[in-house]
2 protein chains.
Amino acid sequence: MNTRALGVPLALRLEAYTTLSEEERVRINRMARRSLREVPARRDIIREGEPPRSAFILLEGWACRYKTLPDGRRQMLALFIPGDVGDVHASILSQMDHSIGAITAVKVAEVSREELEQLMAEHPRVRQGLLRDELVTVAVQREWTLNVGQRTAYERISHFLCEIFFRLRAVGLTDGHSCDFPLTQGDIADATGLTAVHVNRTLQDLRREGVLELQGRKLSIPNLDALMGACSFNPNYLHLCEDREEPDGND
Amino acid sequence: MNTRALGVPLALRLEAYTTLSEEERVRINRMARRSLREVPARRDIIREGEPPRSAFILLEGWACRYKTLPDGRRQMLALFIPGDVGDVHASILSQMDHSIGAITAVKVAEVSREELEQLMAEHPRVRQGLLRDELVTVAVQREWTLNVGQRTAYERISHFLCEIFFRLRAVGLTDGHSCDFPLTQGDIADATGLTAVHVNRTLQDLRREGVLELQGRKLSIPNLDALMGACSFNPNYLHLCEDREEPDGND
DNA sequence: CGGGTAATTGACCCGGGTCAACAGCAGTGG
DNA sequence: CCACTGCTGTTGACCCGGGTCAATTACCCG
């Protein structure tokens, strides 16, 4: 498998947005290893109504934000893949307005806000990276609103898969044209605002057209251009190839 | 009407989240007045693809973020009412991944990021307020994803109207059980992922049931509890009554 | 081998979309 | 003052994408 993914991926992730020194990398790794928490698959990491615990870095596994309506309808709000950072500032608010759950078994580093603040104060580039990461997270949230609000089932699923593939690729978690894919069809349904039955049928369409292969926990996209075309995928909102400027002084 | 609303509402808005000194209020007002920009109704304030200009404070009128698909489908992503702040950090990214458009004629204060950074550095409570505001903005974005992803037309529209009313009320822009409402049914459709025709029909249902009155540019909610019940509205995500570090002086 | 989760299929239905016509009203210019 | 224009709201007829319900069929794992 991918050895880089087995290390602490935060540095890797930040380096999608900024450039780190060796010292910064070491510092981050130490911090992340100090406060490891393991959560089994399908268990909540934090629940709506609870006071926010701390910032977190997802080291291994996949997780998601979600929200549930009183009658049980459920919407996935965001997907976390290894390296994703979350809730750097969440502890400013007094309670969570949504939950975060593990999809697979998961290892998270939970870092207190103070600790993170200090790191950011001492290393402007880290602050820059985290800030950028937060902005991208919001941009993704907006794209999801667009996705469920305007696109057809076929487009939604294509778009969702495109995004995942691009994000995984950006942190080195793809292998050519394929990648791990631990989501069930029910998960895809929750993320796209569809039902599992319809996701199943739509996936069959996509398979039949040769746009993708999806079996077990493996996703393969033989023709990424075709998949992108199916939903007019425009990766600009992921802000993956931004110009970098040396942040001098304070953010 | 509400005289405070006619002044510069940023201070007011921030005071929904933190407590400001008189000096801070004055400072903010001066800053906001310095760089006024007026945009006529239905014109863009900034467009997807452009480099982010600066942070902005909406002083008068309503505006929205939106995104358009190649074939013209359009999704409203966020609604701005007077006092709303936006894009405090957006200039970190190199280009806008969505547009912002004026709904009514609008007055915005455009503030450079540097200026805002300095203000925040000198006044921690302002930073606190802005940070909190940003977190709430993201929370609202998540709620919109849930709204278009899981709720029925009837619930979506009720929820949308509830949110607007709560937000307006929080900045003193309601008058008893009614408020200004400059959105067209087409706007509501864009925001809720429905068509204007269906919005029309659903609004008629709501009117028939006596849950709301909506004519001209005026919204009236005779029975807010009923409207909230229609969509199980839970305002927690607006984080309006958070604990504050200091007790506030008045109001 | 048994139990549980995930994927698949079929039959049927409905919420909301589409298309098209029309009404109400504000603004604008003559 | 009215005719013209354009936007917004309203209505009707019809249709379809995707939901619902329920039964099977793989799998996976101990």
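Chain letters run A, B, ... following the sequence lines, proteins first, then strands; residues in each count from 1.
As a whole-Å value, the separation of A:Leu214 CG from C:dA7 P is 8 Å. If you take CZ of B:Arg151 and P of D:dG19, they are 17 Å apart, rounded to a whole angstrom. Computed from coordinates, the B:Asp187 CG to D:dG9 C1' distance equals 13 Å when rounded to whole Å. For B:Leu183 and D:dC7, the CG to P distance is 18 Å, given to the nearest whole Å. Remark: P of D:dC16 and NE2 of B:His198 are 18 Å apart, rounded to the nearest angstrom. What separates CG of B:Asp205 from P of C:dG16 is a distance of 10 Å, to the nearest Å. When rounded to the nearest whole Å, the span between CD of B:Gln215 and C1' of C:dA26 equals 17 Å. At whole-Å resolution of the value, CD in A:Gln150 and C1' in D:dG17 are 15 Å apart.
When distances are taken from the side chain of A:Arg201 to each of D:dG18, C:dA11, C:dT18, the shortest belongs to C:dA11. Taking only side-chain atoms of A:Asn200, from C-beta outward, the nucleotide of C:dA7, D:dG18, D:dT20 with the closest atom is C:dA7. Between C:dG10, D:dG9, D:dG18, one nucleotide has an atom nearer to the side chain of B:Thr184 than all others, and that is D:dG9.
B:Leu203 comes within 4.0 angstrom of no nucleic acid atom, judged by non-hydrogen atoms across all strands. No contact: B:Gly216 has no heavy atom under 4.0 Å from any strand. Note on A:Arg207: only backbone sugar-phosphate atoms sit closer than 4.0 angstrom, heavy atoms only; bases stay farther off.
Relative orientation of the A:Phe233 and A:Phe166 rings is tilted, given thresholds of 30° and 60° on the angle between their planes.
Nearest heavy atom pair, residue B:Leu173 against residue B:Cys179, reads O-CB, 3.9 Å. The two residues B:Leu69 and A:Gln150 make their nearest non-hydrogen contact at CD1-CB, 4.1 Å.
Toward the 5′ end of DNA chain C lies the nearest nucleotide of A:Arg217, the other residue of the pair A:Gln204 and A:Arg217 mapping further downstream. Comparing B:Val197 and A:Thr152, the nucleotide of DNA chain D nearest to each residue sits closer to the 5' end for B:Val197.
A salt bridge is absent between A:Lys218 and A:Asp175: the closest approach of a Lys/Arg side-chain nitrogen to an acidic carboxylate oxygen does not fall below 4.0 angstrom. Here B:Glu38 does not pair with B:Arg43 in a salt bridge; the nearest charged N to carboxylate O distance is not below 4.0 Å.
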